[in-house]
Each structure stands twice: as C-alpha cells, then as structure tokens.
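Sequence lines set the chain letters: A, B, ... in the order given, protein chains first and strands last, and positions in each chain run from 1.
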Amino acid sequence: MGKGLPKRSEDYSQWYNELVKRADLAENSAVRGCMVIKPYGYSIWEKMQATLDRMFKETGHSNAYFPLFIPKSYMSREAAHVEGFAKECAVVTHYRLKNDASGKNVIVDPDAKLEEELIIRPTSETLIWNTYKNWIQSYRDLPLLLNQWANVVRWEMRTRLFLRTAEFLWQEGHTAHATRKEAMDETLKILGIYSEFAEKHMAIPVLKGIKSESEKFAGAVDTYCIEALMQDGKALQAGTSHFLGQNFARAFDVKFATKDGDLEYVWGTSWGVSTRLIGALIMAHSDDDGLILPPNLAPIQIVIIPIYRNDEEFNRVTEKAVKIRTSLQSRGYSVHFDNRDTYKPGWKFAEYELKGVPVRLALGPKDLDQDTIEVVRRDLREKEIINMDQLEGKIESLMPDIHRTIYLKALKFREEHTFQADTYEEFRELLDTKGGFVYAHWDGSAETEALIKDKTKATIRLIPLDIEKEVGKCILTGKPSNQRVLFAKAY
RNA sequence: CGGGGAAUAGCGCAGUCCGGCAGCGCGCUACGUUCGGGACGUAGAGGUCCGGGGUUCAAAUCCCCGUUCCCCGACCA
C-alpha cells in the first residue's frame, strides 16, 4: 500500500475507490456487489439517520417496519412497477438446506420449495399498500405518515461502493392522504427536507426538479428529485420524492369513506434517500489527500494529537489534552484524543486528513510552556497557533465556517460547470470538454430523450421547478419547447 | 448478458515465456534509538501458489476441465 491516493485529475474513479477503502468507510464483501460498511463509514450513516429521522418526526412522521420478503404476486399488481423492477429482483425459492449424498456439501433441499416464491424487497410499496388496505377505511384514518429504515436489494450488474451496490440501506417513507393536494404537498415537503438536509448537513448544494417520464420511479405519477454535481462533472441523484397519485391505491384497492359518505381511492407518496448519500459526500468535497467531511456529519469533529519526546512530556501533554477534550465535549463536540504511542505525530496528521476530521489540534511541550495550541482546519489546511484561552471561541467559529467554506466551494464548482446550450453541436461540445450541468431545450418526447442519451450519454436529470418559462427549439429535433431542462452525464 | 484481464503471505505485486530451495515492498511481532508533517536499526512470524485432473525424476511454471474476481460495454438509486 502506497502512501498517497491516486490523483483525482488522473483517475477519478480509482481515486474514489481507493479513498473509500483507505479512509475505512467500506470494503467489498465476499458476496459480489455487496459491501461491508465499516465502523467509520457507518458512523457517518448514523449521523445522517439521526438528523433525517428528527426531521421526519418533526413533520409528523412515525417509524414502522415491514418485512424483507414480498410475495411474488404482489409485484405484478401495479403494471409499471413490476416493469421497472423485474430485471433486478432476488427471489427466494426454497426454505431448507441439507447435506448431499457425500455428506460434505450443503445443497438446497429440492423438497423444500416454497408454494409462492418470495421477492427480496427492491422497495416496499407493494407490501405496504397491501397493508394500508387494512388500516384505512375512513377519512379519519388519514393522513397516514410512515417511514421505515431498512435494507433493500436490487441485483445490479455493475456495482461501486456506496454509489451502487446490490444491497443498500435507506429510509423509505410511505404516506396516504385523502386528497390529491395533500399528497402533492407532502411530496414537496419531503423534497424540501431532503434539500435542506443536503445543504445544511452535507454542505452540498442541490437542484430541485421533476423527473422526465422515462427517468421517474416505476409506479409514480411524478418523481421529484434533488440532483448534486460531483467534482468530475457528473450528476448524482441524492434523493427522490414520488407523488404516487392513486396508482397503488387502485392496485391494492385502498379506498376510504369521505365525510360525505363517498368511497374514494387514497392518494399516496413515497420517498427515500440511501447510503448513496455517503458516496455523494465523498465525491462532492474530498481532495487528493483524503476525505473532507462537513462538521455536522463527521464522526470525529476534533482530534487532539499529543507531541512529546519522553514519558514526562507525554504525561504533561496528556493532562492538558484531557482537560481540553472534556471542555470541548461538554460543548457538544465529538473529540478524539489520539494518545497512541505506536504512531508518530506526522503519521497521525496524514491519517486524520485521510479520514476528513474537520479540525486537528496539536499539543506539545512548547505549547504548554507558552500556553498555546496549534489548530489546523482540514478543508483549507490552514495552520494557526493560538492562545489556549481562545480555543473554545476559535472552535465555535471554525465549525460553521468550515461548513460554509466547503458548501460555497461546491456551489462555486457547480456554477462554473453549469451551462446553456442552444444547438446540438454546442451541447455536445460542452459535455465532451467541460462536463457538468447543461440547460437545453427539449421537445418533451421520450424518443428524443433516448436519442440524446444514446448519442451523448447525457440524460435529463430534472425538469426545473422554478425556472422562467422560455420559448425555444429542441436541440435535437428543432421542435418547439417552452422550457429548458437540465442535462448531465450521471452516476 | 457480450469483449478483455487476473487469481502466489493480511495488502500490493514479481516469479510462469525457458519446469529445478517460495520471493520483494508495505503491513504485522519483539527490542532499542526516535517523536512539532507518513522515523530508523536489529531480530522474527507469516504460504492449500484459486480448485480438480494429467504430463514429468521434478510443476506456481506445461496440458485439460472447472470456479471466482476485476475492467470495458448494455441495464440501473
């Protein structure tokens, strides 16, 4: 194992793969396409969970848990839905193993075939709506606002740690409402939560919009999304919120009695973010020396490195370091004092840079004599020696400043990589030379969209929600268009 | 599913062409010197050379069969 990471400029995806492993976030597992999320990586997920869970609860949602297995017949109830997921479903066919004739190998017992095969959930709409049918009879049972934290399986051919794995962790919200408007409001409310989370906690600027017909969730009427731009100029969908209309209510016959005594189908939404967000976090901010984590999600926000030459110095430094740790912890920071004697300071500096710890404090004999401490911020690598009594104030201003700085850096990058194209040649040129987001006119047809994707690998990431209408001509067909849509190559 | 590559110590690899003691770097263990930007010395531990079969006095190396993984495409959160 070499010391440095591959350079982003030379091989972005190799840089990403190496970084995920070297920073101890995750590794490949014995099962193809699946990952082991290591403690440091999982800790980031736990922080994401904690914040999102609080945001969901604050907006009236409750958590529940539905099974991993879905009866095969449920999948076919909603036609578009089965179409969308059929090609990537893992199926349970048997429920027992036994020894083979030699007694050495375990085989599937052919006598233990399931009556009805079970699908491992690729998402839970079908099972949940089948359950909602029993829970909802009257308008008084609505709205039903549930979320679940779960794993799902989508049998992908090509996988990458966090970005696309056969099994991944996520949350899926499933709500039921009495009116179309209420369900639509819910869809947009969640989109707002996702976008706020991305910007205020992940420090990633995102664009909100609606998916084209061919990019939307199978079974939804409309899919809303947030899209972020990664440092290699590729877009990444960071969250989706679906307006399901009455599609699943019809498929699973979920009706409710209105105040007037009429029977109507329930309106639904579903929405989710996954461990893919960790991939977004890595690719949005990190550099050639390692991760750069926003303070709100960093498992360790502050690390203290002791500098010493002998036991006497170590003891003096430790005494002071422990006091600093306690004081910062009491202010709510997560602080790690790395007192291992088995690694040198220089090694530790590099290690915590690799792991993206936002603030590093170094404390040595000179500091004790002069009542100072060295403060280094990971994002800008600025090193400062300050008086000890300024430390708490310094940390207090540093944390939000780091957040702001990396957010603005990501925003600047996005702005510098967002273009408008008015002709196909221009469009092509931008994608080939600069990458990034390109606003262009599109005639609204799935055929044109597919053709553009075929020729350029770029897809419509979203149809912007709050953009001025503008009459123009489709870059490919020249047919009329009344709004630009956002194109990019995407993960 | 199509095309290409690989499998040798915990990790990264050499050795394979041309058969002849199982190697290198990192990591690991012990001791000593070090410690303000990835220290150094000395001594050690660690192997089903992917699996099975064949050729041979002798196979990591040659032949046959099988398995797994990676990369590039098509498909996808």
For residues 34-50 of chain A, dump all side-chain donor-acceptor pairs below 3.5 Å to protein atoms at least two apart in sequence or in another chain.
{"unit_1": "A:Lys38", "atom_1": "NZ", "unit_2": "A:Asp24", "atom_2": "OD1", "d": "2.8"}
{"unit_1": "A:Tyr40", "atom_1": "OH", "unit_2": "A:Lys355", "atom_2": "O", "d": "2.6"}
{"unit_1": "A:Lys47", "atom_1": "NZ", "unit_2": "A:Ala298", "atom_2": "O", "d": "3.3"}

Side-chain donor-acceptor pairs under 3.5 Å in residues 281-293 of chain A, sequence neighbours left out?
{"unit_1": "A:His285", "atom_1": "NE2", "unit_2": "A:Met202", "atom_2": "O", "d": "2.8"}
{"unit_1": "A:His285", "atom_1": "NE2", "unit_2": "A:Ala203", "atom_2": "O", "d": "3.3"}
{"unit_1": "A:Ser286", "atom_1": "OG", "unit_2": "A:Ile282", "atom_2": "O", "d": "3.1"}
{"unit_1": "A:Ser286", "atom_1": "OG", "unit_2": "A:Ile292", "atom_2": "N", "d": "3.1"}
{"unit_1": "A:Asp287", "atom_1": "OD1", "unit_2": "A:Asp289", "atom_2": "N", "d": "2.9"}
{"unit_1": "A:Asp287", "atom_1": "OD1", "unit_2": "A:Gly290", "atom_2": "N", "d": "3.2"}
{"unit_1": "A:Asp287", "atom_1": "OD1", "unit_2": "A:Arg378", "atom_2": "NH2", "d": "2.7"}
{"unit_1": "A:Asp287", "atom_1": "OD2", "unit_2": "A:Arg378", "atom_2": "NH1", "d": "3.1"}
{"unit_1": "A:Asp287", "atom_1": "OD2", "unit_2": "A:Arg381", "atom_2": "NH2", "d": "3.2"}
{"unit_1": "A:Asp288", "atom_1": "OD1", "unit_2": "A:Arg8", "atom_2": "N", "d": "3.0"}
{"unit_1": "A:Asp288", "atom_1": "OD1", "unit_2": "A:Arg8", "atom_2": "NE", "d": "2.7"}
{"unit_1": "A:Asp289", "atom_1": "OD2", "unit_2": "A:Arg381", "atom_2": "NH1", "d": "2.9"}
{"unit_1": "A:Asp289", "atom_1": "OD2", "unit_2": "A:Arg381", "atom_2": "NH2", "d": "2.9"}

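Proximity of a side-chain donor or acceptor of A:Gln237 to a complementary backbone N or O of A:Gly239 within less than 3.5 Å is not detected.
Using the Watson-Crick or G-U wobble rule with both distances under 3.5 Å, B:rA74 pairs with nothing in any strand shown. Under the Watson-Crick or G-U wobble criterion, with both distances below 3.5 Å, B:rC11 is paired with B:rG25. Pairing of B:rC50, defined by two Watson-Crick or G-U wobble distances under 3.5 Å, is identified with B:rG66.
Atom CD in A:Glu156 sits about 15 Å away from atom P in B:rA74, given to the nearest Å. Across the protein-nucleic acid pair, A:Asp24 atom CG and B:rC11 atom C1' stand 13 Å apart, rounded to whole Å. Separating the CE atom of A:Met157 from the P atom of B:rC71 is a distance of 13 Å, rounded to the nearest angstrom. In this structure, the NZ atom of A:Lys38 is 12 Å from the P atom of B:rC11, given to the nearest Å. Atom CD of A:Glu227 and atom P of B:rA77 are 11 Å apart (whole Å). Per the geometry, CZ belonging to A:Arg461 stands 9 Å off P belonging to B:rA77, to the nearest Å. Residue A:Arg22 contributes atom CZ, which lies 11 Å from atom C1' of B:rC26 at whole-angstrom precision. Per the geometry, CG belonging to A:Asn17 stands 13 Å off P belonging to B:rG12, to the nearest Å.
The local environment of NZ in A:Lys7 is crowded, with over 12 non-hydrogen atoms from other residues, nucleotides or ligands closer than 6.0 Å.
In this structure, A:Glu374 reaches the bases: a heavy-atom distance under 4.0 Å links it to at least one base atom across the strands shown. Among the heavy atoms of the strands, none lies under 4.0 Å from A:Lys348. Residue A:Asn28 is out of contact with every strand shown, counting any heavy-atom pair closer than 4.0 Å. Here A:Lys216 lies out of heavy-atom contact (under 4.0 Å) with every strand. Residue A:Arg360 is classed as a base contact, given a heavy-atom separation below 4.0 Å to a base. Among the protein residues, A:Ile305 comes within range of no part of the nucleic acid, since none of its heavy atoms lies under 4.0 Å from any strand. A:Lys453 comes within 4.0 angstrom of sugar-phosphate atoms only, judged by non-hydrogen atoms across all strands, and of no base.
You'll find the ring centres of A:His174 and A:Phe66 outside the 6.0 Å limit. Aromatic rings of A:Trp347 and A:Tyr352 (six-membered ring for Trp) have centroids beyond the 6.0 Å cut-off, not under it. A:His61 and A:Trp271 have their aromatic ring centers within a separation under 6.0 angstrom.
Taking the C1' atom of each, B:rG12 and B:rC28 are spaced 15 Å apart, rounded to whole Å. B:rA77 sits 25 Å from B:rG2 when the C1' atoms are compared, rounded to a whole Å. Remark: the separation of the C1' atoms in B:rA59 and B:rC49 is 11 Å, to the nearest Å. With both ends at atom P, the span from B:rC50 to B:rA6 equals 13 Å, rounded to whole Å. Comparing B:rG23 with B:rU33, their P atoms are spaced 34 Å from each other, to the whole Å. On the P atoms, B:rC65 is 32 Å away from B:rA74, given to the nearest whole Å. Comparing B:rA30 with B:rA22, their C1' atoms are spaced 25 Å from each other, to the whole Å. Nucleotides B:rC26 and B:rA9 place their C1' atoms 12 Å apart, quoted to the nearest Å.
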For nucleotides 27-35 of chain B, list the nitrogen or oxygen atoms of the protein found under 3.5 Å from its nitrogen or oxygen atoms, one pair per line.
{"unit_1": "B:rC35", "atom_1": "O2'", "unit_2": "A:Tyr308", "atom_2": "O", "d": "2.8"}
{"unit_1": "B:rC35", "atom_1": "N4", "unit_2": "A:Arg309", "atom_2": "O", "d": "3.2"}

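Side-chain proximity of A:Thr165 to the nucleotides B:rG37, B:rA77, B:rG36 is greatest for B:rA77. In this structure, of B:rA74, B:rA77, B:rG38, it is B:rA77 that holds the atom nearest to the side chain of A:Ser274.
Nearer the 5' end of RNA chain B, as judged by each residue's closest nucleotide, is the contact made by A:Glu353, out of A:Glu353 and A:Asp454. In this structure, A:Tyr491 and A:Lys383 both approach RNA chain B, and ranking their closest nucleotides by distance from the 5' end singles out A:Lys383.
Electrostatic pairing of A:Glu117 and A:Lys72 counts as a salt bridge here, judged by a charged N lying under 4.0 Å from a carboxylate O.
Regarding contacts with the backbone of B:rC75, every side-chain N or O of A:Lys457 stays at 4.0 angstrom or more from both OP1 and OP2.
In this structure, the side chains of A:Val359 and A:Ile402 come closer than 4.5 Å at one or more pairs of heavy atoms. Between A:Val438 and A:Leu486 the shortest side-chain heavy-atom distance does not fall below 4.5 Å.
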